Each structure stands twice: as structure tokens, then as C-alpha cells.
Amino acid sequence: MCRWFFPGASTEMDLQWTVQRQQKYGFSSIACDQTIEQTCNRDSKTKGGIVGLTQNRGAINRWILAQADRSAITRKCQLMAGVAEEQRKRKDLDKTNWDKHEQAVKQIMETVTSMSNPFSPESPTELVNICSGVVADEETTKDLQNAYVKGDERLEQYFETRLLCEEPDIFSKIEKMKLKSFSTMAKSTTTRTSSGSVVTVKNDCRFWARLLVIARNRDINLEHVFTYSLRPYPRALATDSGCLVKTVKSKLLHVLEQEAEMPLIEQIPSNSATIVDGMALLQMLKARNIPETFGQLADVILKNVIDIAVYNKSQRVDFVTDRYPTVNTKNAERLHRAASGIYAVSILSDQQKVPKQWKKFMSVGSNKERLVEFLVQQWRNVRCSALQSTQLFVTNKEKCYHYYPNADAVTVEEVPELECDHEEADTKMFVQWSMHSTPQQHPMLL
């Protein structure tokens, strides 16, 4: 219709016609005729309109055709007289709103970039929350993948048992399916002794008194009973809950100090090397000092490691970390920790948010391994000034990597001589020391 009645406007619309919103009056939320009345015809309005003005048709036509010029003259006269109303721009076009909208767009972009791309070929194979990076366990993955199937099965069951039966009952209670999800993984579960939790009998005086009374009443030979172990686990190896008995690792250092002739160093040489327990450094981080994203966290950790080397006047620093294989001697203790509620997190990008519960995140071995792998990859892209001419050695699982500044970029090389399959960083630190501590090389500081 526009092509017949308004051919000029139709041509412009076909070429590059656009709509420019005015700065003074809004129109996007009201009707079209009301918009025209409040914008184009605003200055031509008179009290009462043309009703009762005249019945002369020619006068009415002249009044309509001259309304634009008449309103322009009226506006100019008001401006010259200083009685024109102050025209304010729309509030949406104020600079404060510009800044607010720009900040909102930046927050949306940061949120999207911190999420993972599930369609990327580098995305993890397991089921991962794209917002938090939490990895779903086996039970949660099974429930999420089969949620629609289980829902259809429950619907068919409802039809058969409540509607299509001899005695329909649509008012009885419908039980929840209680499927596992990412939100339920973060909830901690508590157990009570009254609900059937396992209680271990302690080897105290009451235990022996009860055993003595039972032996007298039931004719039990205590000498024969004592030939067997009265505990589920040997006391010399494990506790009542099955966790291995821990030893004080610092005693080994005391023994080494006794073997050394001069264990104390009054002045640190300028050409020394420092070995840092990486996991101990990560565990020492306070929640209030942890940055918002993993990319910022990698920069903070690297700065702490280099600062330690600079403080000790070391030209070389070793960042040694633990290994967490699936089968190891600490599985019982880690399962005991899992009773309080833990979850695995997959680090997908440097913009991903660091979990608020840092201690809980660091209580999972797989999270520690993913964090070290992320640090190894992230430190490849740092500037040479971040290393401050320091030689950096980083262990990741069995591998060891050497970082050193070279021209304008950081060069990374794998060191086959320092490959080690030990689980604990304590023993790997001694491996680093034994392979690089010779009379001709730098002295080592642990």
C-alpha cells in the first residue's frame, strides 16, 4: 500500500531507510497515532482543537496546511521571549544510564566468556556445569540424562494406577522422584546415630568390663578370644574408621639435620636455588586474598613463587606438586572427607570464576590436578617480566617443565631427567635436590 500512496517513502525504505528515535519524546511503548500527536503535531495543538472554530471548509484546509509553519513561528516567538518550556532529553539517554547499560553489557560478556562451550571439540567428555565448571558424578549424570525417560515412565504409571484403574484416585499424594542434579551435589548430608549410622566400639575400660561380664555368664575362654584381633583394622596401621595412621613428616627433617654437619645457614648465597611445595603454597592461600577468576589466580600464584625466589636471592625456583592417582593409599581418607560433601570442578577458561569455598575445592585430588594443569598452560603465555630473569621448574604429574625468559617470550621445555612418579611432593622435592645439587652447581634451599 505504501508504494501507491507514498512512492517517495517507499523508495527510501527499500534503500537505506532507518528510524531515528528523538531525544525528547519517547514513542517505542505507545500507539502510532499517539506518538504522532505527541511529537510531530505537538506544537500545533490548540485548546479545543478545530471543533467550533469555523465551519468554512477552505479555512479548515488552510489551518491544517499552515499548522507546521504556524507552530514553528510560535516556537520561535516563545524562545525569543524566554517563555519556552525547558526541553529535557529522555532519561534513558543520560550519561549515567549509558554507563549503567555499558556495565551491564560487560557483565553479560564476562559471564558468557567464563562459561564453557559445550560444542567445542576441546570440551570435557564428562557432564560439566557450564556456569560453575562442576563435574557431575556418576549418579547425577545418569539422572540428568534419563530425566525425560523417567518422567514419561512416571506419567504412564500415574495413568495406570490413578486414572485407568477400577477405583480412580487423583487426590492421593504424588511422591517426588528426587533426581540428582548439580544443585543437590552441593548439599552436605548429615547422619545421626538414631537413624542407623555406624558406631565404632572404642577400646576403653568399659569395653573390657563388659567383655569380662559376658565371659563369666556365657563360659567364654578369653585366652582364645585374645588370639584374634578385636579391631576391624590393626591399630599400628589404621584408625577405627579405616584411615591410615599419619606420621609426623617433620621428623624426617630433624633426622637430616642431625646427619648434616652445618644445617643452619646464616647467609643465603646469591646463586642459590629454592624448592617450593606447590600444594602447601596453594593451601596457605586465604579466601579473602583469592582473586575472582582462575586467570587472575594463576598470576597471583606465579608472583608469590617468584617473590620467594627473589627474597632468597635464588636464580632458580622449583614448584613441586603432588600426584593424585585413582588407586593410592589415601583413598580411605579421601572417602572419609567426601562424607562432608565435596565436588569436582573442571577449569574450562581463564575467565571462569574461582569457587567461593576454597578449602572445599582443594579437598578433592582431581581439582588439584586440574588446577596444576591449568597453571602449566597459563604460565606459558606470561610476559618475560613476570619471571624476573628467574629459572622456573614446574612439576605436573610425572612430567617436569622448565620456564625461562627468552627475548620477548617465555620458552617452555620438558625436562626428561626430572620425571618422577612419586605421589607426594615431599619425596619429589628430594628428587629435585638430588639431581641438581652437586658441588659444582647451585646450593638448594627447601
Side-chain angles (χ1 to χ4, degrees), residues 113-118 120-137 275-285 290-306 317-328 330 334 342-355 357-382 386-387 392-404 410-416 418-425 428-429 431-432:
T113 53
S114 63
M115 295 180 179
S116 64
N117 184 6
S120 174
E122 299 179 357
S123 59
T125 56
E126 60 268 10
L127 188 61
V128 180
N129 190 326
I130 62 175
C131 297
S132 61
V134 176
V135 180
D137 53 22
I275 301 179
V276 180
D277 188 342
M279 289 304 165
L281 184 64
L282 295 176
Q283 294 285 1
M284 291 170 59
L285 292 176
I290 296 177
E292 187 176 1
T293 63
F294 278 102
Q296 298 173 351
L297 177 63
D299 297 336
V300 171
I301 297 173
L302 179 60
K303 184 179 183 302
N304 293 342
V305 174
I306 299 301
V317 58
D318 292 48
F319 186 78
V320 185
T321 58
D322 298 329
R323 288 179 58 248
Y324 300 91
T326 305
V327 179
N328 53 59
K330 289 189 174 182
R334 289 167 185 166
I342 58 177
Y343 57 91
V345 177
S346 180
I347 304 176
L348 306 170
S349 66
D350 56 348
Q351 297 297 326
Q352 181 175 334
K353 305 294 183 181
V354 179
Q357 298 179 345
W358 178 251
K359 295 296 182 182
K360 191 174 182 180
F361 171 78
M362 292 296 295
S363 64
V364 185
S366 59
N367 291 344
K368 299 177 186 178
E369 286 192 341
R370 292 189 181 100
L371 179 58
V372 175
E373 292 178 1
F374 173 76
L375 295 178
V376 170
Q377 297 297 328
Q378 189 72 10
W379 289 347
R380 295 174 180 266
N381 304 321
V382 299
L387 296 181
L392 175 62
F393 290 81
V394 181
T395 62
N396 179 24
K397 297 182 180 180
E398 298 88 355
K399 304 293 183 180
C400 181
Y401 301 93
H402 180 202
Y403 297 75
Y404 60 92
V410 175
T411 303
V412 183
E413 295 179 353
E414 187 175 339
V415 186
L418 293 178
E419 291 186 2
C420 180
D421 59 352
H422 292 190
E423 295 184 17
E424 296 293 333
K428 295 173 71 174
M429 293 169 65
V431 173
Q432 301 281 118

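Numbering of residues begins at 1 and proceeds along the displayed sequence. Just so you know, these numbers come straight off a predicted model, no measurement behind them.
- Between Leu392 and Leu302, the closest side-chain pair of non-hydrogen atoms falls below 4.5 Å.
- With sequence neighbours left out, the side-chain contact (heavy atoms from CB on, under 4.5 Å) criterion links Gln378 to Ala298, Asp350, Phe374.
- If you take CZ on Phe319 and CG on Leu282, they are separated by 5.0 Å, rounding to the nearest 0.5 Å.
- Residues satisfying the side-chain contact (heavy atoms from CB on, under 4.5 Å) criterion with Ala280, sequence neighbours excluded, are Asp277.
- Remark: the backbone N or O of Val345 is paired with a side-chain donor or acceptor of Asn367 at under 3.5 angstrom.
- Using a 30° and 60° split on the angle between ring planes, Phe361 and Phe294 fall in the tilted class, from 30° to 60°.
- Under the 4.5 Å side-chain criterion, counting only non-hydrogen atoms from C-beta, Leu297 is in contact with Leu285.
- Taking 4.5 Å as the limit, every side-chain heavy atom of Leu418 sits out of range of all side-chain heavy atoms of Thr395.
- Scanning for side-chain contact (heavy atoms from CB on, under 4.5 Å) contacts around Gln377 gives Arg380, with sequence neighbours left out.
- For the ring-ring contact (aromatic ring centres under 6.0 Å, His included) test, no residue two or more places apart in sequence or in another chain qualifies with His422.
- By the ring-ring contact (aromatic ring centres under 6.0 Å, His included) test, Tyr403 pairs with no residue at all, sequence neighbours left out.
- Contact check for Asn396 versus Tyr401: side-chain heavy atoms found under the 4.5 Å cut-off.
- Contact detail for Glu424 and Asp322: the closest heavy-atom pair is C-OD1, 3.4 Å.
- Partners of Glu292 according to the side chain to side chain donor-acceptor pair (under 3.5 Å) rule, which considers only residues two or more places apart in sequence or in another chain, are Lys353.
- By the 4.5 Å heavy-atom criterion applied to side chains, Glu369 and Thr321 are not counted as neighbours.
- Contact record, Arg323 with Asp421: NH1-O, 2.6 Å, taken as the closest heavy-atom pair.
- For Lys399, the salt bridge (charged side-chain N to carboxylate O under 4.0 Å, His left out) criterion is met by Glu414, Glu419, not counting sequence neighbours.
- Residues that satisfy the side chain to side chain donor-acceptor pair (under 3.5 Å) test with Gln296, not counting sequence neighbours, are absent from this structure.
- Contacts of Glu373 classified as side chain to side chain donor-acceptor pair (under 3.5 Å), with partners at least two apart in sequence or in another chain: Lys397.
- Using a 4.5 Å heavy-atom cutoff, the side chains of Gln283 and Lys359 are in contact.
- Distance OG/Ser363 to NZ/Lys368: 7.5 Å, rounded to 0.5 Å.
- Rounded to the nearest 0.5 angstrom, Arg370 CZ and Ile347 CD1 are separated by 8.5 Å.
- Between Pro325 and Glu423 the shortest side-chain heavy-atom distance falls below 4.5 Å.
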